[in-house]
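A quick write-up on the structure given underneath.
To find a chain, count down the sequence lines: A is the first, B the second, and so on, and within it residues start at 1.
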Amino acid sequence: MPEINEITKIRRKVLTEIAQMTFEGRLQTDVENILQSVVTDEGPRYRCCVHKERAVLQDRIKSALSQPMNSTIPEAAAAALDGNIAPAPIIQVLPVACDQCPLDRFIVTDACRNCLAHSCIASCPKKAISVVANRSFIDKSKCVECGLCKRSCPYGAILEISRPCERACELGAITADKARKAVIDYDQCVHCGACKIACPFGAISDRSMIVQVIQRIKAGRRVYALLAPAFIGQFGVQVRPGQVRASLLKVGFHDVLEVSVGADAVAVEEAREFIERTKTKGGLMTTSCCPAFVGMVEKHLPSMKENVSSLVSPMVAAAMNVKKNDPEGIVVFVGPCIAKKSEAERYPGIVDYVLTFEELATTIVGAGVNVTEMTASEFASAGSKDGNIFAKAGGVLQAVENVLAQLAPDVQVAAERCEGLGNCKKCLQEIEAGKRSANFFEGMACTGGCVGGPGVLTDSRVTAKLVENFANAAPEKSAVTNPNSEPLETLGLHRHHKTSGAADS
Amino acid sequence: MLTVELCMGTSCHLMGVQDLVAVLETLPAEQREQIEIKGVTCFKNCGKGPNIRINGELISNATPDRLLEILQANLA
Ligand code: FES
């Protein structure tokens, strides 16, 4: 995770103020004060003027309230307080905030020697390059940005510049329109959040449901926080899991549960499905816990859809478990992930809300709670070592291999795994083309796995280690024998199955 | 000897106190030895985080650059 930059601070301040106002029952009357408190007249200035900054901030507030960009701030606050969530994409480009980065894709640098070879001129299929003032010059009106000149130059004097958002998206889902504003192609986008993290103007935002969640808590509903196994260390390296639990209870959550228990169920069932596949059709099976990875396969490699394991994710498994025991309960998944917000929309009535760790921390602060000042209650993970290790790259594979070693030691696993959507895509294509052989594949959209997600609060190099320690300390050593993990048959864990009954409350 | 107290509270954590910790961790050993580092849970100044206190003086909205500046001015 990069340093906490000004963009991140502004976003967190906005969320914290909104959370605090909601808890104190003054969001409707005071929401517009945020425009003054976050963007002060004295600066510092990041945009041309205070007016532009406040205009951007208005968009941020609406996104934080999950309301449409064409609403007014008071309307947006009222709708959010009523629990509404506007039907808009999870990730959006904030219209005013995008700086329309005026980038020319290829530029000739001072390194150009005006050499005799003129490979650039020769390489250009559009005759867009000529020599002006003793140096190659690219005529932008003719250039089609093919990049041949860059490759042809023996000095490497032609530079390719791309926008941070475009470069961050490994699926080519974000591009500039004619007015140079960034536009997301939702047929390609899998909501991984990479562009949001990359944009230096903070112009890309995922919508938040903190107000809706706080309102449910205030209404006295039984709201369950389901913590993804990556939660270890997110609220401070020294913070103990028991302090997180105590904080959430103080904030007003009815109970705090671990998604690692759902991960245990998934590990066992995924291993079973793998065994089944090796007996019948054979071929490749991939993991299905990372929603951005699954989205990538569905949207970019549709021919491989059937290779994705049919299981729901640990989030959904854990949520089903809660709904089975308390059909009236409200399930809030808390994790490092933005794509989970989009996954949850496929499971209405099961996963009610999704918050990132960042959003949860702003909610905690907004409630006037400080995690470091809480006394830690006893906390032993209900998930096994296998379920907890899901949070780091390689962990799902490790868990499934552990389960296989117990259930079917003779089954041969030839595994591959990748981090990053571009890498995953490339590797799967190679497997499909027969250039690589593997019968099991772990796909993680984020570098480092979940601990490297866009919604984390602590550097993944630190938390990967903490997650491992926590997993090793789990009293239950195996997903197979963990008594806390719900028997799968009772839950209906397959994505293609229609869930019914308790889940539909 | 310089006493640097860092607020590790949730609000200051959100505002990036860990980047300040990183600054202290990357100091050369001879400078590290001149600093006493303490963690604090809250300076009751949460809206202006991250907050640190150096030799008794509270510094709000602290940044890695500002911290380095102060350290370089005060360390041999
Ligand atoms: S949390 Fe740092 S001053 Fe309160």
Next item on the list: Under 4.5 Å heavy-atom distance to chain B, tell me which part of A:Ser37 shows up: side chain, backbone, both or neither.
Entry: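 The answer is neither part of A:Ser37.
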Checklist line | Side chain, backbone, both or neither of A:Gln243 within contact of chain B (heavy atoms, under 4.5 Å) | finding: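 Neither part, no heavy atoms under 4.5 Å.
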Margin query: Measuring from atom CE of A:Met374 to atom OG1 of B:Thr41, what distance do you get when rounded to the nearest 0.5 angstrom?
Written below: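 Result: 12.0 Å between the selected atoms.
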Next item on the list: For atom CD of B:Gln72, decide whether the heavy atoms of other residues, nucleotides or ligands shown that lie under 6.0 angstrom number more than 12.
Entry: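 Count over threshold, so yes.
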Notebook entry, point to check: Is the count of non-hydrogen atoms from other residues, nucleotides or ligands lying under 6.0 Å from A:Lys250 atom NZ greater than 12?
Noted result: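 At most 12 heavy atoms, drawn from other residues, nucleotides or ligands, come within 6.0 Å of this atom.
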Item checked: Interface residue of largest heavy-atom contact number with chain B, from A:Val237, A:Val365, A:Val462, under 4.5 Å ->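 The option with the most such pairs is A:Val365.
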Non-hydrogen atoms of [X] and [Y] that approach each other most closely:
X: A:Gly236; Y: B:His13; value: N-NE2, 3.4 Å
X: A:Lys9; Y: B:Pro50; value: NZ-CD, 4.4 Å
X: B:Gly16; Y: A:Ile4; value: CA-CG1, 3.4 Å

Note to self: I want to check something: taking the side chain as every heavy atom from C-beta on, are B:Thr10 and A:Val369 in contact at a cut-off of under 4.5 Å?
What the structure shows: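 B:Thr10 does not reach A:Val369 side chain to side chain.
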Checklist line | Qualifying residue, where the test is side chain to side chain contact (heavy atoms under 4.5 Å, CB included) with B:Leu14 and the options are A:Leu15, A:Ile364, A:Thr16 | finding: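 Exactly one option meets the side chain to side chain contact (heavy atoms under 4.5 Å, CB included) with B:Leu14, and it is A:Thr16.
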